[in-house]
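These notes are about the structure you will find just below.
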Number of protein chains: 2
Amino acid sequence: MNTVKVPDIIVSRLPVYLRALQRMSDAGVVSTSSQELGEKVGISAAQIRKDLSQFGEFGKQGTGYYIPFLIERLSKILKVEQVWDVAVVGMGELGHAIVRYQGFGNRGFRVVMCFDSDPGKIGNLVCANQSDCTFVIRDTKDLVRDIRESNVKLAMLCTPASAAQEVADQLVEAGVRGILNYAPLRLIVPASVKVQHIDPAIYLQRMTFYID
Amino acid sequence: MNTVKVPDIIVSRLPVYLRALQRMSDAGVVSTSSQELGEKVGISAAQIRKDLSQFGEFGKQGTGYYIPFLIERLSKILKVEQVWDVAVVGMGELGHAIVRYQGFGNRGFRVVMCFDSDPGKIGNLVCANQSDCTFVIRDTKDLVRDIRESNVKLAMLCTPASAAQEVADQLVEAGVRGILNYAPLRLIVPASVKVQHIDPAIYLQRMTFYID
DNA sequence: TAAACTTTGTGTTGAATTGCACAAAATCGG
DNA sequence: CCGATTTTGTGCAATTCAACACAAAGTTTA
């Protein structure tokens, strides 16, 4: 079942399915079809069925998919039945916004620590909400030790481009296995570490091409 | 030259090339090869040459590409020789971070107005930097009028999921042609409007799949 | 100048991805 | 209970995308 390697492009669609299913579930819907799900996510019904069939048979002919079951299976496949601890490095505007934003919890992630190298920021508190200031900005010098000790496997990199590769190297050394990179450059990391990119300017430029 | 439709997947790579070229240029490098550029962006040299050849012949055999010229051509192709005005809707943590962040300027974009529907926020100032508070949070009720009057064609949508589709409809009505959507759902818009998605949780879930 | 390199642009081949179509299985209506 | 309907999972065909390979054009070296 999982012996043959699943193409990356299929894996990349699974979180999209999961998100739509969770939304439907929150709205009280308990079952759906590949047709209906496809309309919600903008992917053909056949594509969805093929993707899911890579991991087993989750649906029933004539009925479709039972949403709670499919959510459970997709969560397990993506390993988000557990909640992953995440570290944030670089506490500029973006880093602050991410730490304060508490919306990842129900998607399988929670921020547990944050770092900066600016002496003017180290030791400052970041308030997650008005009553609760849980986060102390740590010194990036302690990053390798702190992350390794707390066994954090994911990080969001929000430093300027100039510091990004150096921080990435430290994250790798600390045992991090996935980096969500907000710095505008490609990071060089070992193949065992996954990197995903978020660069708003790139997305904007992908749209302006199409505007007369 | 541009008579045959350029595949989306090629368009999506152009901003990545441009970003790397601008970085090289900033570092004082004036020429490069498809080989070298490919190593920087993680794409094969042949792929880069094929992509660029869709738009003309920009390189020279034996020498490679003259960076200032290639930057100019790519900027023109992506229509970012001009600076695009962008509106931000939804002034939560993320919206604030985006408005305060002034790093889009040299990529072809600048935030010019922002909106929220919360009466407690409307009229508040958002400081872009310590000395200069340029942005007043406008009422989303005025969105269609204000955006149309100022001829803004791009927007970043940072509202909660529950408000996103309604806001998107208004943006379309106001004449916006590209929406960078941070809300965790797919927006339904006419084909003439482009949407790009940014959902950090989805990127994180694409990585956890690969972590034992 | 001439030979050895370098590098582009592109025709061709091969691989990956998507779309189509349908048998099989389940439900529904009367 | 049975025919009509819905919907899955999947083999096959079509299309899209990426890799390969090389002639042509330019540069460098001696």
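Naming: A, B, ... by sequence-line order, numbering from 1 per chain.
Residue B/Ser34 has no polar side-chain atom (N or O) positioned under 4.0 Å from OP1 or OP2 of C/dT7. For the pair B/Tyr65 and C/dG9, the criterion of a side-chain N or O lying under 4.0 Å from OP1 or OP2 is met.
B/Asn181 contributes a side-chain N or O that, together with a main-chain N or O of B/Leu185, makes up a donor-acceptor pair within less than 3.5 Å. Under a 3.5 Å cut-off, the side chain of B/Thr208 and the backbone N or O of A/Leu78 do form a donor-acceptor pair. Between the side chain of B/Ser25 and the backbone N or O of B/Gln22, no donor-acceptor pair lies under 3.5 Å.
Between B/Lys60 atom NZ and B/Phe69 atom CZ the span is 10.5 Å, to the nearest 0.5 Å. To the nearest 0.5 Å, the span separating CD1 on A/Ile179 from CG on A/Leu157 amounts to 6.5 Å.
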Query raised in the report: Do B/His96 and B/Val99 pass the side chain to side chain contact (heavy atoms under 4.5 Å, CB included) test, and can you show the C-alpha distance, the side-chain angles, and the key distance before you say yes or no?
Result: CA-CA 5 Å; B/His96 270 94; B/Val99 173; 6.0 Å; no

Requested in this report: In sequence, state the C-alpha distance, the side-chain angles, and the governing distance for B/Leu180 and B/Ile198, and then conclude on side chain to side chain contact (heavy atoms under 4.5 Å, CB included).
Outcome: CA-CA 7 Å; B/Leu180 185 50; B/Ile198 294 185; 3.9 Å; yes

Query raised in the report: Would B/Arg186 and A/Lys40 count as a side chain to side chain contact (heavy atoms under 4.5 Å, CB included) if you check the C-alpha gap in whole Å, the side-chain angles of each, and the deciding distance to 0.1 Å?
Result: CA-CA 7 Å; B/Arg186 191 176 76 107; A/Lys40 292 223 191 282; over 6 Å; no

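In this structure, A/Arg206 satisfies the cation-pi test against A/Tyr203, with its NZ or CZ atom closer than 6.0 Å to the six-membered ring centre and inside 45 degrees of the ring normal.
Rounded to whole angstrom, the span from the CZ atom of B/Phe55 across to the P atom of C/dT8 amounts to 18 Å. One can place CD of B/Gln54 at 12 Å from C1' of C/dG9, the figure rounded to the nearest angstrom. When the C1' atom of C/dG19 is taken as reference, atom CD1 of A/Ile43 falls 14 Å away, rounded to whole Å. Following rounding to the nearest Å, B/Gln47 (CD) and C/dA16 (C1') show an atom-to-atom distance of 13 Å. For the pair B/Asp51 CG and C/dT10 C1', the computed distance is 13 Å after rounding to whole Å.
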Could you pull out every donor-acceptor pair under 3.5 Å between side chains of residues 80-88 of chain B and any protein atom, sequence neighbours left out?
from, atom 1, to, atom 2, distance (Å)
B/Trp84, NE1, B/Lys79, O, 2.7
B/Asp85, OD1, B/Arg110, NE, 2.9
B/Asp85, OD1, B/Arg110, NH2, 3.2

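Recorded end-axis angle for the helix from C/dT1-D/dA30 to C/dG30-D/dC1 stands at 30°, based on five pairs per end and rounded to 10 degrees.
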With the criterion being N/O to N/O and under 3.5 Å, what pairs connect the protein with nucleotides 22-25 of chain C, and how long is each?
from, atom 1, to, atom 2, distance (Å)
C/dA24, N3, A/Gln61, NE2, 3.2
C/dA25, O4', A/Gln61, OE1, 3.2
C/dA25, O4', A/Gln61, NE2, 3.4

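Positionally, the nearest nucleotide of DNA chain C for A/Ser44 lies more toward the 5' end than for the other of A/Lys60 and A/Ser44. Residues A/Ala46 and B/Leu52 each lie close to DNA chain C; by heavy-atom proximity, the contact nearer the 5' end of the strand is made by B/Leu52.
Nearest to the side chain of B/Ser53, among C/dT27, C/dT8, C/dT10, sits C/dT10.
There is a side-chain donor-acceptor pair under 3.5 Å between A/Gln35 and A/Glu39.
Of the residues in residues 7-27 of chain B, none lies under 4.0 Å from DNA chain C by heavy-atom distance.
Heavy atoms only, all atoms of each residue included: B/Thr32 and B/Leu37 are closest at OG1-N, 3.8 Å.
The pair B/Asp212-A/Arg177 counts as a salt bridge, with a side-chain nitrogen and a carboxylate oxygen less than 4.0 angstrom apart.
Here salt bridge (charged side-chain N to carboxylate O under 4.0 Å, His left out) pairs that include residues 19-32 of chain A, with residues two or more places apart or in two chains, are A/Arg19-B/Asp199.
The nucleotide range of DNA chain D contacted by chain A, defined by atoms under 4.0 angstrom from heavy atoms of the protein and reported 5' to 3', is D/dT6 to D/dC12.
For C/dG11, its base sits under 3.5 Å from the side chain of B/Lys50 at one donor and acceptor pair at least.
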